[in-house]
Peer 1: 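First the structure, then my questions, so here it is.
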Amino acid sequence: QVVASVFVFTMPFQASEYEELKADWAIERTMSWPLAGHEQLRSRADRSTAPRTIGFISSGNWLREIMGRNQSDPAIFKSEPIALEWCLAFVKRHPDHRLVILLHPLERSTPERLAQSLAYYVGLGIAPQDVLSDTRISVTPETVDVTVSLYSSATFERLYAGYKGVFAQPGFGPNYFPGAIDGVVALEQSAFNALLERVLHLTAEAYFSDLGLQDYRWDSTKLQVS
């Protein structure tokens, strides 16, 4: 239940969510704003990326579980390792592609946690140089061509700046994100493989136009009041 004079959306899918939830909401009007930090994101917009590079945006759920920081849905802990396995299997079949891990701030918050994170990913077969600890994906979105995540807001930051991303959500229910964004969500490995391969072969322009995601990019997001 929400009571407010004004409610602000920062992503188009939120307007679709509102249509499903508004029976329990009491608000006078809605507005659409760009993401927080949008000026910085626009300054990094539409730069060239290295082809065939895939960045896995970690949520650090393996570390949260060790630290006892439980999520409300324990299935999320099980989903992230599976999504990473999908990425590892993909690059094994496509050895000309590179997979890098984009660490969550929690995973690099202290020298000890950074060392623990490096050991964790190296233990999964990832080369140490492919575990990126000094890259903030919102600051340097051009680091990789396509990102993969469960649900990270960093993916939407990339979309806003004009870069490609997909969501791998094993064990999730359908329509986690309603609307056009559902077209870059994969719930099963075969669908993920097909989606990632397609996106890797699309230019950034084609990604947004072919998948109907223009409203997520900085040059199409407009301030609207309804």
Side-chain angles (χ1 to χ4, degrees), residues 9-21 32 34-35 41 49 52-62 64 71-91 93-94 97 99-102 104 137-138 141 143-218 220-221:
F9 304 129
T10 58
M11 281 290 116
F13 75 85
Q14 294 166 341
S16 299
E17 288 182 325
Y18 169 66
E19 291 301 316
E20 299 177 8
L21 299 171
S32 294
L35 289 165
L41 289 168
T49 60
R52 299 184 298 278
T53 53
I54 303 163
F56 184 80
I57 301 178
S58 171
S59 296
N61 285 329
W62 66 273
R64 296 176 200 271
Q71 300 276 10
S72 58
D73 184 357
I76 291 177
F77 285 124
K78 300 177 182 178
S79 297
E80 190 161 61
I82 295 172
L84 181 53
E85 287 175 8
W86 290 358
C87 293
L88 287 165
F90 185 91
V91 294
R93 292 192 304 273
H94 300 80
H97 289 59
L99 173 68
V100 301
I101 306 298
L102 304 168
H104 188 274
I137 197 63
S138 61
T143 301
V144 295
D145 187 46
V146 180
T147 54
V148 176
S149 67
L150 287 185
Y151 50 77
S152 176
S153 60
T155 302
F156 289 105
E157 292 175 344
R158 279 182 59 84
L159 298 186
Y160 184 84
Y163 299 91
K164 301 180 290 184
V166 303
F167 295 95
Q169 297 183 333
F172 282 48
N175 299 316
Y176 188 85
F177 300 117
I181 197 68
D182 190 53
V184 289
V185 176
L187 304 179
E188 298 179 354
Q189 188 172 11
S190 59
F192 171 76
N193 290 336
L195 175 62
L196 183 56
E197 187 151 10
R198 179 188 180 192
V199 170
L200 281 163
H201 285 87
L202 289 175
T203 64
E205 285 294 326
Y207 169 85
F208 285 94
S209 62
D210 293 4
L211 295 170
L213 298 176
Q214 298 95 327
D215 287 344
Y216 285 83
R217 195 167 62 176
W218 67 271
S220 298
T221 303

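Note that the coordinates shown come from a computational prediction; the quantities given were computed from them, not determined experimentally.
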Peer 1: How long is the span from the OG atom in S58 to the CG atom in L150, to the nearest 0.5 Å?
Peer 2: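 Going from the OG atom of S58 to the CG atom of L150 covers 9.0 Å.
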Peer 1: Between Y176 and F13, does the ring centre distance come in under 6.0 Å?
Peer 2: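 When the ring centroids of Y176 and F13 are compared, they turn out to be at least 6.0 Å apart.
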Peer 1: If you measure from CD1 on I57 to CG on L84, what distance do you get to the nearest 0.5 Å?
Peer 2: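 Here the interatomic distance stands at 13.0 Å.
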Peer 1: Evaluate the side-chain proximity of R198 to L211: yes if any heavy-atom separation is below 4.5 Å, no if none is.
Peer 2: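 The answer is yes, as the side chains (C-beta and beyond) meet within the 4.5 Å cut-off.
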Peer 1: With under 30° as parallel and over 60° as perpendicular, where do the rings of F192 and W86 fit, or are they tilted in between?
Peer 2: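 Answer is tilted, since the angle falls between 30° and 60°.
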Peer 1: Of all heavy-atom pairs between A180 and G212, which one has the smallest distance, and what is that distance?
Peer 2: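 Scanning both residues completely, I find the closest heavy atoms to be CB-O, 3.5 Å.
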Peer 1: When you compare the side chain of E80 with that of F56, does any pair of heavy atoms fall below 4.5 Å?
Peer 2: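 In short, these two side chains touch, coming nearer than 4.5 Å.
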Peer 1: Got a donor-acceptor contact below 3.5 angstrom from the Q169 side chain to the A186 backbone?
Peer 2: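 No: the side chain of Q169 does not pair with the backbone of A186.
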Peer 1: Find the distance between CG (N175) and OG (S16) and round it off to the nearest 0.5 Å.
Peer 2: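 It comes to 10.0 Å.
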Peer 1: Do L99 and V148 have side chains that get closer than 4.5 Å, going by heavy atoms?
Peer 2: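 SC-SC contact between L99 and V148 ruled out.
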Peer 1: Tell me if a side-chain donor or acceptor on Y207 pairs with a main-chain N or O of G165 at a distance below 3.5 Å.
Peer 2: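 Side chain of Y207 to backbone of G165: a pair is present.
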Peer 1: If I take atom CG from residue D145 and atom NE2 from residue H201, how far apart are they, to the nearest 0.5 angstrom?
Peer 2: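 Going from CG on D145 over to NE2 on H201, the span is 10.5 Å.
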Peer 1: Evaluate the criterion side chain to side chain contact (heavy atoms under 4.5 Å, CB included) for residue pair L159 and F208; output intermediate values, then yes/no.
Peer 2: CA-CA 9 Å; L159 298 186; F208 285 94; 4.3 Å; yes
Peer 1: Hey, are the side chains of L213 and I181 touching, using non-hydrogen atoms and a 4.5 Å cut-off?
Peer 2: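 In contact.
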Peer 1: Could you state the interatomic distance from OG (S59) to CG (L102), rounded to the nearest 0.5 Å?
Peer 2: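 Rounded to the nearest 0.5 Å, the OG-CG separation comes out at 11.5 Å.
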Peer 1: May I ask you to decide if the ring planes of H97 and H94 are parallel, tilted or perpendicular, using 30° and 60° as cut-offs?
Peer 2: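 Perpendicular, since the angle between the ring planes exceeds 60°.
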Peer 1: Kindly compute the distance separating CG (D182) from CZ (F177), expressed to the nearest 0.5 Å.
Peer 2: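 With rounding to 0.5 Å, CG (D182) is 9.5 Å from CZ (F177).
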Peer 1: Within the structure provided, determine whether E17 and P178 are in side-chain contact (heavy-atom separation under 4.5 Å).
Peer 2: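 Result yes, sub-4.5 Å side-chain heavy-atom pair found.
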Peer 1: Hey, are the side chains of Y216 and P12 touching, using non-hydrogen atoms and a 4.5 Å cut-off?
Peer 2: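 The answer is yes; the side chains approach within 4.5 Å.
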Peer 1: Between P81 and W62, is any pair of side-chain heavy atoms under 4.5 Å apart?
Peer 2: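 No, side chains not in contact.
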Peer 1: Donor-acceptor check, side chain of R217 to backbone of G162, threshold 3.5 angstrom: yes or no?
Peer 2: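 Looks like no, no N/O pair under 3.5 Å.
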Peer 1: Any side-chain heavy atom of H104 within less than 4.5 Å of one from N61?
Peer 2: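 Counting from C-beta outward, H104 and N61 never come under 4.5 Å.
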Peer 1: Can you tell me if K164 uses its side chain to pair, donor with acceptor, with the backbone of L202 under 3.5 Å?
Peer 2: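 Between the backbone of L202 and the side chain of K164 there is a qualifying donor-acceptor contact (under 3.5 Å).
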